[in-house]
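Taking it in order: structure first as structure tokens, then the write-up.
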Amino acid sequence: MTPIDPATALLPRFRDALGRAFGEEHAGADPMVRRSDRADLQVNVALGLGKKLGQPPRQVAEALVKALQVDDLVERIEIAGPGFLNMTLRADWLGAAADRALEDDRLGVPFAEKLDRVVIDYSSPNVAKEMHVGHLRSTVIGDALARTLGFLGHTILRQNHLGDWGTPFGMLIEHLLDLGESASAEVSVGELAAFYKAARSKFDSDPGFAERSRKRVVSLQGGDAETLRLWRILVDASQKYFEKVYALLGTQLVREDVCGESFYNPRLQPLAEELEREGKAQIDQGALCLFVPGFKNKDGSPLPLIVRKADGGFGYAATDLAGVRYRVGELHATRILVVVGAPQAQHLAMIFAGSRACGWLPENVRCEHVAFGSVLGTDKRMFRSRSGESARLIDLIEEAIDRARAEVEKRWPDIDPETKASMAKAVGVGAIKYADLSSDRVKDYVFDLDRMVQFEGNTGGYLQYAHARPRSILRKAGEDRPAGKISPTEKAERALVLELLSFGATVQAVGETLEPHRLCGYLYNLAARYNEFYDQCPVLKAEGEVRASRLRLCALTARTLEQGLSLLGIAAPDRM
RNA sequence: GCGCUCGUAGCUCAGCUGGAUAGAGCGUCGGACUUCGAAUCCGUUGGUCGCCCGUUCGAAUCGGGCCGAGCGCGCCA
């Protein structure tokens, strides 16, 4: 099928022309077809090539244009400045491409050329601990990437690396016993912070309790049935709570995706023994260490991954190594994404390098740390609630929904409560997720509810509104799938079509770079182009073919926005 | 001390992997509703791209050095 995206469609044409004009060895060069503010597309290849060939770039550009066969696609092509090619595309080609997108359930987005089995490790909250904004980032970014890569045809294996094992469980289980098992109910409704804190303070102040806790850890690790039963109660209660948060957020994680630290526990001892036996790791100061070349600590001495602690226990390095090994060896991943905060960059780099050195991570398996920055308050410091503690994620979500509800209330006082509630949820949750996804993930970002729930600028609400507008028109027209042909003639129509056609290229870029903010930026531009079109080009008042064309533009815009938002994990209500 | 990340308009952010005069939104000020829903649109204001060198036809983008902010650097995750 001919590509929907004009830049993609032009690529082979330019390769051919480059080969014809300058020899086959240049046919592989990237012609650098880019969007431009002074033409539909511009091509920059002549400048660099001129240098290489020792010819004036303008002359190269002329020869290139002469060899080019693009009459079916390009209306006009001009050489400008030092050798830029400015291209105006044919309106009939643009219209036909838009029509093809509209007729296709994938909106013309091609599948990825090489299909991967992608393991995505994200969300990963801790049992018996509150979810906070850090988990929001991992959850929202990971979910968006999972959806996007899935749409591109990759097989997605979600892994929720739950913090469900380790020494804290001694005190948590003992605390549960003190309160009585019925107390687990309070854990499932989100009193996790209080539960954890109470256990912690008892552990610090009551030596008897601390002693019981330590013993309990031993029984837990020894596999004592009763201890495991109690542990399971805590894990289940927490999972119920997490699932409530996921449901509120619309996150696609389910219980089957949970593959927590406890899962790896039985694998750690054999892993350590193997490393020791094969001489890959050495005992140093009592601990079994895997030294990864290139990593140093403060005094310049080699920095190890501590596989087994001096006391015989296992830390997170062991678990993470086992994780890579499992994902490659048993899940057969060809690409692994770990969505955790940027501060863990060094640790993960060591895990990946160590796994490669041990032969658990072959060269052809991509393994990437999808790093993200911290969430800051409006004071530019780490985000806290007013009381100074790290704010509960669920409270923030609910506050966003409340604010959205107030807005809906103001504008649609008469609609039924059920619709009102679902609108408020879509808008409130969408606002939070969009704010998280719309800026470069590696940077810190400021969590400002006031800004997020607005509808102006690059916000979730603006996009949702831009989607609801064409839906409303289609509803009025009574045509869900308007027939006819798209033929862009007005300036606003051309600009809208041009934007619509690069949806696929944008989605592919997100799949490569793992940067959802590119999709956000694209959708924001699309929404803006649509709103301009809406302002300048009457649809329902138009007649005949013009009306049909515009109705189809509405339909394609609505579907593209809906699909794009869906890849971000954001709802697109038909009205709002 | 070493390493990683970041520094773009008063504020919040883009800048498509080196291309033409650096773009949005908010804010300021001023316009457009007997509406295909104005949660919108149009105009106005505003930047020495932290600083200095270098690479080149061309640098916010690449390299080096400073300045500033944040994070990490052996048994927590």
Side-chain angles (χ1 to χ4, degrees), chain A residues 32 34-38 42 44 47-48 50-51 56-57 80-84 86 124 126 163 166-168 261 284-289 294-311 313-317 319-320 340-347 349 371 373-374 376 378 380-382 407-408 410-411 427 435 438-440 442-446 448 451 454-459 461-462 464-466 468-470 472-477 502 505-506 509 513 517-518 520-522 524-525 528 531-532 534-542 550-551 554 575-576:
Chain A
M32 296 199 278
R34 302 284 137 87
R35 295 289 291 277
S36 167
D37 52 345
R38 41 187 87 196
Q42 69 170 274
N44 305 329
L47 289 88
K51 180 79 178 174
F84 298 104
N86 285 337
S124 311
N126 294 314
T167 46
E261 291 168 355
D284 190 281
Q285 295 171 39
L288 183 65
C289 296
F295 294 90
K296 297 177 167 53
N297 54 42
K298 283 181 195 174
D299 56 9
S301 61
L303 179 67
L305 281 170
I306 294 185
V307 179
R308 192 180 56 223
K309 299 188 285 184
D311 67 3
F314 296 101
Y316 64 123
T319 312
D320 286 349
V340 308
Q344 292 202 49
Q346 190 189 40
H347 167 70
S374 308
L376 307 178
T378 42
K380 290 280 210 163
R381 309 183 51 167
M382 290 289 278
E407 289 295 315
V408 173
K410 215 160 59 187
R411 295 182 161 91
V427 173
S438 59
S439 65
D440 189 353
V442 80
K443 296 189 189 177
D444 295 349
Y445 87 103
V446 176
D448 183 355
R451 201 185 288 272
Q454 287 185 331
F455 297 88
E456 294 87 30
N458 193 5
T459 61
Y462 180 85
Q464 288 171 323
Y465 179 60
R469 285 184 112 179
S472 166
I473 288 183
L474 292 166
R475 220 171 18 247
K476 279 221 167 82
S502 46
T506 305
T513 63
H517 81 281
R518 289 172 185 256
C520 296
Y522 167 80
Y524 175 59
N525 281 330
N531 279 328
E532 286 154 25
Y534 178 92
D535 198 57
Q536 289 159 36
C537 304
V539 179
L540 296 177
K541 287 175 189 160
R550 290 179 179 170
L551 274 174
C554 287
R575 50 198 305 178
M576 61 177 279

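This one's a predicted model, so the numbers in the text were calculated from it and none came from an experiment. Chain A is the first sequence line, chain B the second, and so forth, proteins listed ahead of strands; every chain is numbered from 1.
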Taking any heavy-atom pair under 4.0 Å as a contact, classify Gln285(A): base, sugar-phosphate, or nothing. base

Please work out if Cys554(A) contacts a base, only the sugar-phosphate, or nothing of the nucleic acid, heavy-atom cut-off 4.0 Å. nothing

Students often get this wrong, so: under 4.0 angstrom with heavy atoms, is Gly373(A) touching a base, only sugar-phosphate, or nothing? nothing

Assess whether one donor atom and one acceptor atom, taken from the side chain of Arg34(A) and the base of U17(B), lie less than 3.5 Å apart. no

Quote, to the nearest angstrom, the P distance that separates G23(B) from C16(B). 13 Å

What nucleotide among C16(B), G19(B), C11(B) has an atom nearest to a side-chain atom of Arg518(A)? C16(B)

Please determine, for the side chain of Lys298(A), which listed nucleotide (U40(B), C73(B), A20(B)) has the closest atom? C73(B)

Would you mind reading off the distance between Glu456(A) atom CD and U12(B) atom C1', rounded to a whole angstrom? 14 Å

Quote, to the nearest angstrom, the P distance that separates C53(B) from U12(B). 29 Å

Arg469(A) and Tyr465(A): side-chain donor and acceptor closer than 3.5 Å? yes

Taking the nucleotide of RNA chain B with the closest heavy atom to each, which residue, Ile473(A) or Gly48(A), is nearer the 5' end? Gly48(A)

Side-chain contact check for Gln346(A): nearest option of C73(B), C16(B), G7(B) is C73(B)

Using a cut-off of 4.0 Å on non-hydrogen atoms, how would the nucleic acid contact of Thr513(A) be classed: base, sugar-phosphate, or nothing? base

By the 4.0 Å heavy-atom rule, please label Pro538(A) as base, sugar-phosphate, or nothing. base

Using only side-chain N and O atoms of Tyr534(A), determine if any of them is under 4.0 Å from OP1 or OP2 of A38(B). yes

Any donor-acceptor pair, under 3.5 Å, between the side chain of Asn297(A) and the base of G74(B), if you only look at N and O atoms? yes

Considering only the C1' atoms, how many Å lie between G10(B) and C73(B), rounded to the nearest integer? 38 Å

Which nucleotide in A39(B), G74(B), C16(B) has an atom nearest any side-chain atom of Met576(A): A39(B)

With a 3.5 angstrom cut-off on both distances, give the Watson-Crick or G-U wobble partner of C29(B), or none if there isn't one. G43(B)

Name the nucleic acid region contacted by Val446(A), choosing base, sugar-phosphate or nothing; use a 4.0 angstrom heavy-atom cut-off, strictly under. sugar-phosphate

Which listed nucleotide (A20(B), C42(B), G74(B)) is nearest to the side chain of Asn86(A)? A20(B)

Candidate nucleotides A20(B), A77(B), A14(B), ranked by approach to the side chain of Gln344(A) - the nearest: A77(B)

Counting only side-chain heavy atoms from C-beta out, which of C6(B), U40(B), C11(B) sits nearest to Val442(A)? C6(B)

Base, sugar-phosphate alone, or nothing: which one does Ser472(A) contact when heavy atoms must sit under 4.0 Å apart? base

Rounding to a whole Å, what distance do you find between Asp440(A):CG and U8(B):P? 13 Å

Any Lys309(A) side-chain N or O less than 4.0 Å from OP1/OP2 of C76(B): yes

Strand partner of C73(B), provided both Watson-Crick or wobble distances fall under 3.5 Å: G1(B)

Does A24(B) have its OP1 or OP2 closer than 4.0 Å to a side-chain nitrogen or oxygen of Tyr522(A)? no

Give one of base, sugar-phosphate or nothing for Ala349(A), where a contact means two heavy atoms less than 4.0 Å apart. nothing

U40(B), A14(B), G25(B): which one has an atom nearest the side-chain heavy atoms of Tyr524(A)? G25(B)

C33(B): syn or anti, per glycosidic angle within 90° of 0: syn

With rounding to whole Å, what would you report as the distance between G65(B) and G43(B) at their P atoms? 45 Å

In Watson-Crick or G-U wobble terms, both distances under 3.5 Å, what is the partner of G68(B)? C6(B)

For the C1' atoms, the ones on C76(B) and on C66(B), what distance do you get once it is rounded to whole angstrom? 36 Å

NZ (Lys443(A)) and CG (Leu376(A)) are apart, to the nearest 0.5 Å, by 12.5 Å

Verify, without hydrogens or angle tests, whether Thr513(A) (side chain) and Ala509(A) (backbone) share a donor-acceptor contact under 3.5 angstrom. yes

Measure the shortest side-chain to side-chain distance between Leu47(A) and Met32(A) over non-hydrogen atoms and say whether it is less than 4.5 angstrom. no

Would you call U48(B) syn or anti, using the 90° rule around 0? anti

Name the nucleic acid region contacted by Cys537(A), choosing base, sugar-phosphate or nothing; use a 4.0 angstrom heavy-atom cut-off, strictly under. base

Relative to the 5' end of RNA chain B, which residue comes earlier, Arg35(A) or Ala317(A), by the nucleotide with the nearest heavy atom? Arg35(A)

Atom-pair distance (CD on Gln536(A); P on C41(B)), nearest Å: 11 Å

Nucleotide opposite A60(B) in a Watson-Crick or G-U pair, distances under 3.5 Å: none

Span that lies between the P atom of G19(B) and that of A60(B), in whole angstrom: 10 Å

Describe the nucleic acid contact of Phe295(A) in one word from base, sugar-phosphate, nothing, applying a heavy-atom distance below 4.0 Å. nothing

Would you classify Ala342(A) as touching base, sugar-phosphate or nothing, given that sugar-phosphate means primed atoms plus P, OP1 and OP2, and contacts are heavy atoms under 4.0 Å? nothing

For Gly315(A), answer base if it contacts any base atom (sugar-phosphate contacts may also be present), sugar-phosphate if it contacts only those atoms, and nothing otherwise; contact means non-hydrogen atoms under 4.0 Å. sugar-phosphate

Please report the distance, rounded to the nearest Å, between CZ in Phe84(A) and C1' in G18(B). 11 Å

So, is Lys410(A) near the phosphate of A39(B), with a side-chain N or O under 4.0 Å from OP1 or OP2? no

Between U40(B), C13(B), A20(B), which nucleotide has the shortest distance from any of its atoms to the side chain of Arg38(A)? A20(B)

Any donor-acceptor N/O pair under 3.5 Å between A39(B) base and Tyr465(A) side chain: no

Taking atom P in both G25(B) and U40(B), what distance in whole Å separates the two? 11 Å

What integer number of Å spans the C1' atoms of U44(B) and C29(B)? 7 Å

From the candidates C41(B), C11(B), U8(B), the one with an atom nearest any side-chain atom of Arg451(A) is C11(B)

What distance separates Met576(A) CE from Phe455(A) CZ, expressed to the nearest 0.5 Å? 4.5 Å

Atom-pair distance (OH on Tyr316(A); P on C75(B)), nearest Å: 8 Å

May I ask you to evaluate whether Lys296(A) reaches the phosphate of G74(B), defined as a side-chain N or O under 4.0 Å from OP1 or OP2? no

When rounded to whole Å, the CG to P distance for the pair Asp444(A) and C4(B) reads 18 Å

Think His517(A) has a side-chain N or O under 4.0 angstrom from the OP1 or OP2 of G15(B)? yes

Contact class for Arg575(A) (heavy atom, under 4.0 Å): base, sugar-phosphate, or nothing? base

Smallest heavy-atom separation, Tyr522(A) atom then Ser502(A) atom, equals CE1-OG, 3.7 Å

On the nucleotide A38(B), are OP1 or OP2 found under 4.0 Å from the side-chain N or O atoms that Arg469(A) carries? yes

With a 4.0 Å cut-off on heavy atoms, is Asp284(A) in touch with a base, just the backbone sugar-phosphate, or nothing at all? base

